[in-house]
Engineer: 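This is the structure I have questions about; it appears just below.
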Amino acid sequence: MDKPKLVYIVWLDTVSIRAAWCSRQEAEQLVPARCETVGFLVKESKEMLLVARTVNDCGEMGGLQAVPRSCVLDFGTFTTKPRHGRKPAS
């Protein structure tokens, strides 16, 4: 099984104020958080980019994250692979 492409995503996430109450001035200061995610692209659709932080040789995935396309500011793939690989210790 081929490993998914390694991608870099810049996207906006929702934020909230932790306090139960705040002033209108404090509320108007709130802006979405700019996030950067690197991972393996599991699925790409019109609605979302599904990314895994980790994949193994069996095709299992961990750390899945679905990023809504409407939140994506930038998206690209990595084109190089590591130059030096090490085999796991037996």
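Note that this is a predicted model, so its numbers are computed, not measured.
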Engineer: Taking atom OH of Y8 and atom CZ of F75, what is their separation to the nearest 0.5 Å?
Structural biologist: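 These two atoms lie 13.0 Å from each other.
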Engineer: Using side-chain heavy atoms (C-beta onward) and a distance below 4.5 Å, is I9 in contact with L49?
Structural biologist: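 A side-chain contact under 4.5 Å exists here.
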Engineer: Check this for me: does any side-chain nitrogen of one of E44 and K46 sit under 4.0 Å from a carboxylate oxygen of the other?
Structural biologist: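 Salt bridge between E44 and K46, a charged N being under 4.0 Å from a carboxylate O: no.
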Engineer: Looking at OG1 of T37 and CH2 of W11, how far apart are the two atoms once the value is rounded to the nearest 0.5 Å?
Structural biologist: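 Those atoms lie 5.5 Å apart.
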Engineer: Distance check, rounded to the nearest 0.5 Å: K43 atom NZ versus L64 atom CG?
Structural biologist: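 If I round to the nearest 0.5 Å, the distance is 12.0 Å.
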Engineer: Should L73 and L12 count as side-chain neighbours, where that means a heavy-atom distance under 4.5 Å?
Structural biologist: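 Yes, side chains in contact.
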Engineer: Shortest non-hydrogen contact from S16 to L30?
Structural biologist: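 Closest pair (atom of S16, atom of L30, distance): CA-CD2, 4.3 Å.
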Engineer: Might you point out which heavy atoms bring I17 and A27 nearest each other, and give the distance in Å?
Structural biologist: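 Shortest heavy-atom separation between I17 and A27 comes out as CD1-CA, 4.2 Å.
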Engineer: Could you state the interatomic distance from CZ (F40) to CE (M61), rounded to the nearest 0.5 Å?
Structural biologist: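 Rounded to the nearest 0.5 Å, the CZ-CE separation comes to 9.5 Å.
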Engineer: Is R69 reaching over with its side chain to a backbone N or O of S45, donor-acceptor style, under 3.5 angstrom?
Structural biologist: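 Judged by distance alone, yes, a pair lies under 3.5 Å.
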Engineer: Going by side-chain contact (heavy atoms from CB on, under 4.5 Å), V51 matches just one of V7, V38, L6, V42. Which one?
Structural biologist: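 For V51, the side-chain contact (heavy atoms from CB on, under 4.5 Å) check succeeds only for V7.
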Engineer: Measure from the side-chain N and O atoms of E26 to the backbone N and O of S23, and report whether any donor-acceptor pair falls under 3.5 Å.
Structural biologist: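 Side chain of E26 to backbone of S23, a donor-acceptor pair under 3.5 Å: yes, one is there.
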Engineer: Is it the case that more than 12 heavy atoms not belonging to Q25 sit under 6.0 Å from its CD atom?
Structural biologist: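 Check fails, neighbour count at 12 or below.
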